[in-house]
Enquirer: 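Here it is: the structure, laid out below.
All values reported here derive from a predicted model rather than from experimental measurement. Letters A, B, ... are given to chains in the order of the sequence lines, protein chains preceding strands, and every chain is numbered from 1.
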2 protein chains.
Amino acid sequence: MSNPRNTKAKQAVLNEIANSSFALSQPELFERVKGTCDRVTVYRVLDRLVTENKIHKIVNIDGTINYAHCASCDESHTHAHDHLHFSCVKCKKIECLEEQLIHVKLPDTYQIKELFLTISGICPSCSLS
Amino acid sequence: MSNPRNTKAKQAVLNEIANSSFALSQPELFERVKGTCDRVTVYRVLDRLVTENKIHKIVNIDGTINYAHCASCDESHTHAHDHLHFSCVKCKKIECLEEQLIHVKLPDTYQIKELFLTISGICPSCSLS
DNA sequence: TTGCAAAACGCAACAATGTTGCAATAAATG
DNA sequence: CATTTATTGCAACATTGTTGCGTTTTGCAA
Ligand SMILES: [Zn+2]
Ligand SMILES: [Zn+2]
Ligand SMILES: [Zn+2]
Ligand SMILES: [Zn+2]
């Protein structure tokens, strides 16, 4: 793991994520790259891509885990993915939104590390139909 | 379902949730009421309690689903559970916090329905040790 | 180009969590 | 107490994620 490699599976998965306007789950990704690699490989590729800061995890409001491209990240630095996510109640898709400042005040006994904010509602394309 | 009943299983599950300072998952709840009812019954009781507004679901930052007592809800009215949740990175427990106003501005093309905000960090009791 | 170390893979087996169908049971109500 | 039907238990299935291990492939260097 110290020297990550570029494999067909990795490229295929990353390609699907990068070209999607919304976050994708492991089952969705496996469906899209089917024939390229095994089911287990998708899990392992996803873990590696997260470690390498190429993608990040998003937990949807129903608990399903999705993966999105790190558009605003450059290569190697790590950063907190504390930007907003929008979860559509109609098409169930979840997407990353612009980062916004959120003000929260908690008692001093709580040590804050990260904020996870997901907004549910109807996305632009579902609003049209 | 039009006329809900009070059963041993329902009371046992609700009791565990009501007396816990943090939210509990189905596996945790089943462990606590083991002997009282079947595994499947816990799932069904939880669904009913959510429908009846006695408890509400919380999705933790790792995607696990937990259930908490609706302290600030009265009996029959429905309301959005858009208060804050705090998720401890050490003990993994998630708890409800006071409701706070959160200001978010999105493009008009997004129709906002509900906000889900979870703060990760170290909880008071884990801060001591 | 060839050889090598280890990163990555496929496959099978397992684990955890959640769902469904149906016959049997039990809670509420009069 | 009898009736209605909400609720349960159980078995079977479905989905999602994990682990071990022998084999393949990648990156790099000789
Ligand atoms: Zn939509
Ligand atoms: Zn994101
Ligand atoms: Zn804690
Ligand atoms: Zn809550």
Enquirer: I need the B:L84 CG to B:T118 OG1 distance, nearest 0.5 Å.
Expert: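 Spacing of CG (B:L84) from OG1 (B:T118) equals 8.5 Å.
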Enquirer: Starting from the first five and the last five pairs of the helix from C:dT1-D:dA30 to C:dG30-D:dC1, work out the angle between the resulting helix axes, to 10 degrees.
Expert: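 The angle separating the two end axes equals 30°.
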Enquirer: Given the rule that I, L, V, M, F, W and Y join up when any side-chain heavy atoms are under 4.5 Å apart, are B:I58 and A:Y110 in one cluster?
Expert: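 B:I58 and A:Y110: separate clusters.
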Enquirer: How long is the gap from CG on B:L29 to NZ on B:K34, to the nearest 0.5 Å?
Expert: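 NZ of B:K34 is found 12.5 Å from CG of B:L29.
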Enquirer: Rounded to the nearest 0.5 Å, what separation is found between the CZ atom of A:R48 and the CD1 atom of A:I55?
Expert: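 If we round to the nearest 0.5 Å, A:R48:CZ and A:I55:CD1 are 10.5 Å apart.
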Enquirer: Classify B:T36 by what it touches in the nucleic acid, base, sugar-phosphate, or nothing, heavy-atom distance under 4.0 Å.
Expert: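 Counting heavy atoms under 4.0 Å across all strands, the contact made by B:T36 is with sugar-phosphate only.
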Enquirer: I want to check something: taking the side chain as every heavy atom from C-beta on, are B:E52 and B:K10 in contact at a cut-off of under 4.5 Å?
Expert: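 Touching, per the 4.5 Å side-chain cut-off.
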Enquirer: List the protein contact pattern of nucleotides 13-20 of chain C with one symbol per nucleotide (5' to 3'): B for base contact, S for sugar-phosphate-only contact, - for none; contact means a heavy-atom distance under 4.0 Å.
Expert: B---SBBB
Enquirer: Just how far, in rounded Å, is P of D:dT25 from NZ of A:K10?
Expert: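 In whole Å, D:dT25 P lies 18 Å from A:K10 NZ.
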Enquirer: Write down the atom of B:E95, the atom of B:P124, and the distance for their closest heavy-atom approach.
Expert: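 Shortest heavy-atom contact: OE2-CD, 4.5 Å.
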Enquirer: Please give, in whole Å, the distance from D:dT7 P to B:L14 CG?
Expert: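 Atom CG in B:L14 sits about 14 Å away from atom P in D:dT7.
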Enquirer: Which heavy atom of B:N6 sits nearest a heavy atom of B:Q11, and at what distance?
Expert: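 Nearest pair, atom of B:N6 first, then B:Q11: CB-NE2, 3.7 Å.
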Enquirer: Rounded off to whole Å, could you give me the CZ-to-P distance for the A:F30 and C:dG10 pair?
Expert: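 My rounded result for the distance is 10 Å.
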Enquirer: If you count heavy atoms of other groups shown closer than 6.0 angstrom to CG of B:N19, is the number above 12?
Expert: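 Counting neighbours around CG of B:N19, more than 12 heavy atoms of other residues, nucleotides or ligands fall under 6.0 Å, so yes.
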Enquirer: For the atom pair CD1 (B:I94) and CZ (B:F22), what is the distance rounded to the nearest 0.5 Å?
Expert: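 Reported value, rounded in 0.5 Å steps: 11.5 Å.
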Enquirer: As an exercise, state the distance from CD of B:Q111 to NZ of A:K90, rounded to the nearest 0.5 Å.
Expert: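 Spacing of CD (B:Q111) from NZ (A:K90) equals 8.0 Å.
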Enquirer: With rounding to the nearest 0.5 angstrom, report the OG1 to NZ distance, B:T36 to B:K8.
Expert: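 Rounded to the nearest 0.5 Å, the OG1-NZ separation comes out at 8.0 Å.
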Enquirer: Produce the list of close N/O pairs, under 3.5 Å, pairing protein atoms with atoms of nucleotides 25-30 of chain C; give distances to one decimal.
Expert:
unit_1: C:dA27; atom_1: N3; unit_2: B:R5; atom_2: NH1; d: 3.0
unit_1: C:dA28; atom_1: OP1; unit_2: B:N6; atom_2: N; d: 2.9

Enquirer: Rounded to the nearest angstrom, tell me the gap between atom CD in B:Q11 and atom P in D:dT8.
Expert: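 Computing the B:Q11:CD to D:dT8:P distance gives 11 Å.
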